[in-house]
Amino acid sequence: MSKKALEILTESMFYVLMSFLRGEKCGTEIATFVTGRTGGRVSLGPGTLYTILSKFEEEGLICETQVEGRKRTYRITDLGRAMYRAELARLRACIHDAEKEGEP
């Protein structure tokens with residue numbers, strides 16, 4: 001059985017999409033946001049970050065808005081917002097299930 005592309009986001013992917021919710025960002029700003037928001041629990045190296053950005057752009061979740069030399073700025077698309085909301089709902093359902101199950 002084949003899996004749809006980006007059916008479930010990794011933690012890093014989820015936080016990258018989250019970084020765009022309040023506006024456009026470049027790679028450095030995204031990495032800073034993710035590290036800050038997670039208290040350092042999630043740290044994105046350049047290889048991981050730019051692989052995610054490339055995949056998101058290919059899938060239409062983000063689009064490039066500006067290029068200044070090597071600095072590229074991106075924004076989230078409507079499809080990206082929908083993907084973020086769907087993943088957030090999935091994660092909330094997981095937490096709900098775990099809370100119903102209780103402690104072992």
Side-chain angles (χ1 to χ4, degrees):
M1 177 177 12
S2 69
K3 186 172 137 182
K4 282 177 30 182
L6 299 180
E7 188 173 311
I8 294 175
L9 300 177
T10 66
E11 187 175 20
S12 296
M13 289 174 162
F14 180 74
Y15 280 105
V16 168
L17 278 184
M18 183 190 294
S19 76
F20 292 112
L21 294 178
R22 295 188 184 205
E24 298 179 356
K25 289 195 174 37
C26 70
T28 303
E29 293 167 328
I30 296 164
T32 299
F33 171 88
V34 172
T35 300
R37 174 64 65 222
T38 65
R41 189 184 77 251
V42 177
S43 179
L44 297 172
T48 301
L49 176 59
Y50 289 101
T51 298
I52 290 171
L53 292 175
S54 176
K55 183 67 172 172
F56 280 179
E57 193 170 23
E58 179 183 310
E59 296 291 328
L61 303 180
I62 63 171
C63 64
E64 191 176 83
T65 59
Q66 189 174 355
V67 178
E68 292 178 34
R70 292 180 53 193
K71 179 182 176 183
R72 297 178 182 278
T73 303
Y74 303 88
R75 73 168 175 79
I76 195 168
T77 64
D78 290 341
L79 183 59
R81 284 185 189 280
M83 173 63 80
Y84 175 81
R85 286 191 300 269
E87 183 64 9
L88 185 58
R90 186 189 75 78
L91 293 170
R92 284 180 173 150
C94 289
I95 296 298
H96 176 75
D97 292 342
E99 289 173 341
K100 285 188 340 187
E101 193 62 31
E103 289 290 321

- Message: So, taking the atom named OG1 in Thr77 and the one named CE in Met83, what distance separates them when rounded to the nearest 0.5 Å?
- Response: 10.0 Å
- Audit row: Val34, Ser12, side chain to side chain contact (heavy atoms under 4.5 Å, CB included) steps and yes/no: CA-CA 8 Å; Val34 172; Ser12 296; over 6 Å; no
- First locate atom OG of Ser19, then atom CD1 of Ile76, and finally report the distance between them rounded to the nearest 0.5 Å. 8.0 Å
- Of Val16, Thr51, Leu79, which meets side-chain contact (heavy atoms from CB on, under 4.5 Å) against Phe56? Val16
- Enter the distance from Met18:CE to Ile30:CD1 here, rounded to the nearest 0.5 Å. 13.5 Å
- Task: With rounding to the nearest 0.5 Å, note down the distance linking SG in Cys63 to CZ in Phe20.
- Result: 9.5 Å
- Message: Keeping Thr73 on the side-chain end and Thr65 on the backbone end, is there a donor-acceptor pair under 3.5 Å?
- Response: no
- Query: Is Asp97 atom CG crowded by more than 12 heavy atoms from other residues, nucleotides or ligands, each under 6.0 Å away?
  - Reply: yes
- Message: List the residues meeting side-chain contact (heavy atoms from CB on, under 4.5 Å) with Glu57, not counting sequence neighbours, and say none if there are none.
- Response: Ile62, Glu64, Tyr74
- Message: Can you tell me how far apart OH (Tyr84) and CG (Leu9) are? Round to the nearest 0.5 Å.
- Response: 10.5 Å
- Query: Can you find a pair of side-chain heavy atoms, one from Phe14 and one from Leu91, that are under 4.5 Å apart?
  - Reply: yes
- Query: Is there a donor-acceptor pair under 3.5 Å between the side chain of Thr32 and the backbone N or O of Thr28?
  - Reply: yes
- Item | Sequence neighbours excluded - salt bridge (Lys or Arg N to Asp or Glu O under 4.0 Å) pairs with any residue from residues 9-33 | Glu11-Arg41
- Item | Pairwise distance CG(Leu17) to CG(Leu88) - rounded to 0.5 angstrom | 11.5 Å
- Applying salt bridge (Lys or Arg N to Asp or Glu O under 4.0 Å), which residue pairs with at least one partner in residues 80-91 are found, sequence neighbours left out? Glu87-Arg90
- Item | Smallest separation among heavy atoms of Leu49 and Gly27, with atom names | CD2-O, 3.3 Å
